[in-house]
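Have a look at the structure below before the remarks.
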Amino acid sequence: MTLRTAPTVPVRTRRMVDPVDRTRRIRGRRRRRTADAMIALVWASVAAAMTLWLAYGGLNTVSGLATALTAAGIVTGLVGTDLILVMLVLAARIPAVDRVVGQDTAMAFHRQLGKPALYLILAHGALLTVGYAMADGSNVVTETISLFQGPDMALAYLGLGLLIAVVVTSVVAVRRRFAYEAWHLIHLLSYAAVLVALPHQLSAGGVLADGTVQRVYWIALYVLAFGAIAVFRFAVPALRSARHGIRVAGVEQVAPGVVSIHLAGRDLDRLQTAGGQYAIWRFWTGATWWHAHPISFSAVPTASSARLTVRDLGTGSAAISRVRPGTRVSIEGPYGVFTEAHRVAPKLAVVAAGIGITPIRSMLEHSTLRPGEATVLLRGSDPSQSYLWDEVGALRSMRGNAVFSMMGPRPQGLATWMSVEALAHGVTIGTVFPDLLNSDFYVCGPQSWIDLVIRDARAAGLPEDQIHVERFDW
């Protein structure tokens, strides 16, 4: 480990609570309460679907095993569909959701709901088929054929097939076999899966009959989910991209396989980008127009310029690194809560590895730090990975704060994020960050490496609300 800037300057202990710290704690409590309210709203929507079904005599039809199975099939269908619509809302990138929990957390919840939603929809189809078959005195195969011939049922089966494809390709073990672009294209089928299943929900079985509150409720949920997607995934980004007129101003090689893309545009400071945030970028060239990329800002935008720093990690990012000056660029965002605004503690501890330096560098640039408040550790396997390290040490906000580097490979066969040399000298997370428990801990880098850093931070007793992570997986 080497010291790259001035050591931490001791700060005189204050008897009174610092107003800045008090404000951070208050903001943190408000965000937690808002996040809890959002989760409660999700489950309230499920409860509302069940309550409305019961209010319209859902249990009155149950008189035996066949009707009980049919009722269970209806319930699983209602709950499963409700969860799918919630998933779409979470994926709509609504600004209010992003400000409170961030897109990482929203999409993690989105993924957690995927399997339960699919299982409920599968149970819906199976229970209804068996219940109808028992009531008709037929077998399951005959009943399935009969159902397939009903109004809008072919579309319902198509929607089920699309939903299975989306969920299966989202399983981590399967997802890793796909390029990001192919996986993203398959995932867009979730929109089609929900839409093609809608007609059968409104026409089959009479559960959502005309004139009922149930029907109004479900139509409102569909309008909310697809309206949010239309507005925040398509309309707002299109208008924002047209307004700012972003184009590539130049491409600068930072290191082998790493480039900084300099962008020019109008009123880019009105994007109100906070240091540490990212955006979804689409570069309009023949090789890159058909897919978008989540890339962090590596510097806080000015009125006329912005900068991204990209490493060639796949076909898509390699194509981006070859874009030419003048290329038109679309933006969706900015997004993310990897910012100073989400701090809750008086001190700041930062660890960045590889290309994870990009949001760290812009976050530190945008931070208002006092001398002795921050300790930054930059991690690389070899000197070729020291992208933007000199810029971090030169930031005005880092004056009087400490920036360290840890260079070298990790030991083979040992689950650690540290280098062989650091371990040999007895370095621990506590020796690097002696004020860790009194700090907000920002970590960015490869996911497997992040997991090891966070493991050590938790083992040291760091509370979850003081851990801030930016992941580069999908």
Side-chain angles (χ1 to χ4, degrees), residues 1-9 253-260 275-276 296 298-299 307 309-311 338 347-367 369 371-412 414-436 439-457 460 462 467-470 472:
M1 292 180 63
T2 57
L3 185 65
R4 297 183 63 87
T5 64
T8 301
V9 176
Q253 185 166 9
V254 176
V258 180
V259 299
S260 282
S296 297
S298 59
R307 187 184 72 174
T309 302
V310 183
R311 181 183 177 189
F338 195 75
K347 296 281 189 174
L348 177 64
V350 177
V351 185
I355 201 63
I357 189 65
T358 54
I360 292 292
R361 189 244 177 249
S362 64
M363 188 269 289
L364 292 172
E365 179 189 5
H366 204 226
S367 298
L369 299 174
E373 184 175 342
T375 302
V376 177
L377 177 64
L378 306 177
R379 179 75 172 90
S381 297
D382 56 68
S384 69
Q385 294 184 358
S386 57
Y387 333 120
L388 310 181
W389 284 16
D390 291 339
E391 291 189 18
V392 171
L395 290 173
R396 179 178 299 179
S397 63
M398 293 307 298
R399 293 176 183 174
N401 289 293
V403 182
F404 298 91
S405 64
M406 182 187 291
M407 192 71 72
R410 290 183 277 175
Q412 293 184 356
L414 185 62
T416 180
W417 56 278
M418 294 190 183
S419 67
V420 173
E421 181 183 3
L423 292 174
H425 286 83
V427 175
T428 67
I429 195 168
T431 58
V432 178
F433 303 106
D435 290 323
L436 180 63
S439 303
D440 282 284
F441 192 43
Y442 284 75
V443 187
C444 190
Q447 181 179 350
S448 59
W449 178 86
I450 287 176
D451 292 340
L452 294 172
V453 179
I454 298 303
R455 179 201 63 185
D456 287 0
L462 189 66
I467 299 174
H468 310 271
V469 177
E470 180 81 336
F472 281 84

Run the numbers on V443 and I467 for side chain to side chain contact (heavy atoms under 4.5 Å, CB included), then give the verdict. CA-CA 8 Å; V443 187; I467 299 174; 5.5 Å; no
Checking R379 against V453 for the side chain to side chain contact (heavy atoms under 4.5 Å, CB included) test, could you report, in this order, the C-alpha distance in whole Å, the side-chain angles of both residues, the deciding distance, and whether it holds? CA-CA 11 Å; R379 179 75 172 90; V453 179; over 6 Å; no
Working note: T309 + R361, criterion side chain to side chain contact (heavy atoms under 4.5 Å, CB included); need CA distance, chi angles, decisive distance, verdict. CA-CA 11 Å; T309 302; R361 189 244 177 249; over 6 Å; no
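Within the model, atoms CG of D456 and CG of D451 stand 11.5 Å from one another, a figure rounded to the nearest 0.5 Å. Atoms CG and CD, from L378 and Q385 in turn, are 12.0 Å apart once rounded to the nearest 0.5 Å. Here OG of S298 is found 13.5 Å from OH of Y387. Values are rounded to the nearest 0.5 Å. Between the OG atom in S384 and the CE atom in M407 there is a gap of 8.0 Å [rounded to 0.5 Å]. Here the CE atom belonging to M418 is positioned 6.0 Å from the CD1 atom belonging to I429, to the nearest 0.5 angstrom. If you take CG on L388 and OG on S260, they are separated by 5.5 Å, rounding to the nearest 0.5 Å.
With L395 as the partner, the side chain to side chain contact (heavy atoms under 4.5 Å, CB included) test is satisfied by one option alone out of N401, L369, L364, V403: L364.
Across every non-hydrogen atom of A352 and I360, the tightest pair is CB-CG1, 3.7 Å. Shown here for R455 and T416, the closest heavy-atom pair between the two residues is NH2-CA, 4.3 Å. Contact detail for S362 and P359: the closest heavy-atom pair is OG-O, 3.2 Å. The nearest pair of heavy atoms linking V258 to R311 is CG2-CG, 3.8 Å. Closest approach of V350 to F433, counting heavy atoms only: O-CZ, 3.5 Å. Looking at every heavy atom in both residues, S367 comes nearest to S397 through O-CB, 3.5 Å.
At least one donor-acceptor pair closer than 3.5 Å links the side chain of W449 to the backbone N or O of W417. Although no hydrogens or angles enter the test, the distance criterion places no donor-acceptor pair under 3.5 Å between the side chain of S381 and the main chain of G408. Between the side chain of K347 and the backbone N or O of F441, no donor-acceptor pair lies under 3.5 Å. Judged by distance alone, with hydrogens and angles left aside, the side-chain atoms of S439 form a donor-acceptor pair with the main-chain N or O of D435 at under 3.5 Å.
Remark: H468 engages Y442 in a ring-ring contact (aromatic ring centres under 6.0 Å, His included) (not counting sequence neighbours).
Ion pairing of E391 with R307 is present here, as a side-chain N (NZ or NE/NH1/NH2) and a carboxylate O approach within less than 4.0 Å.
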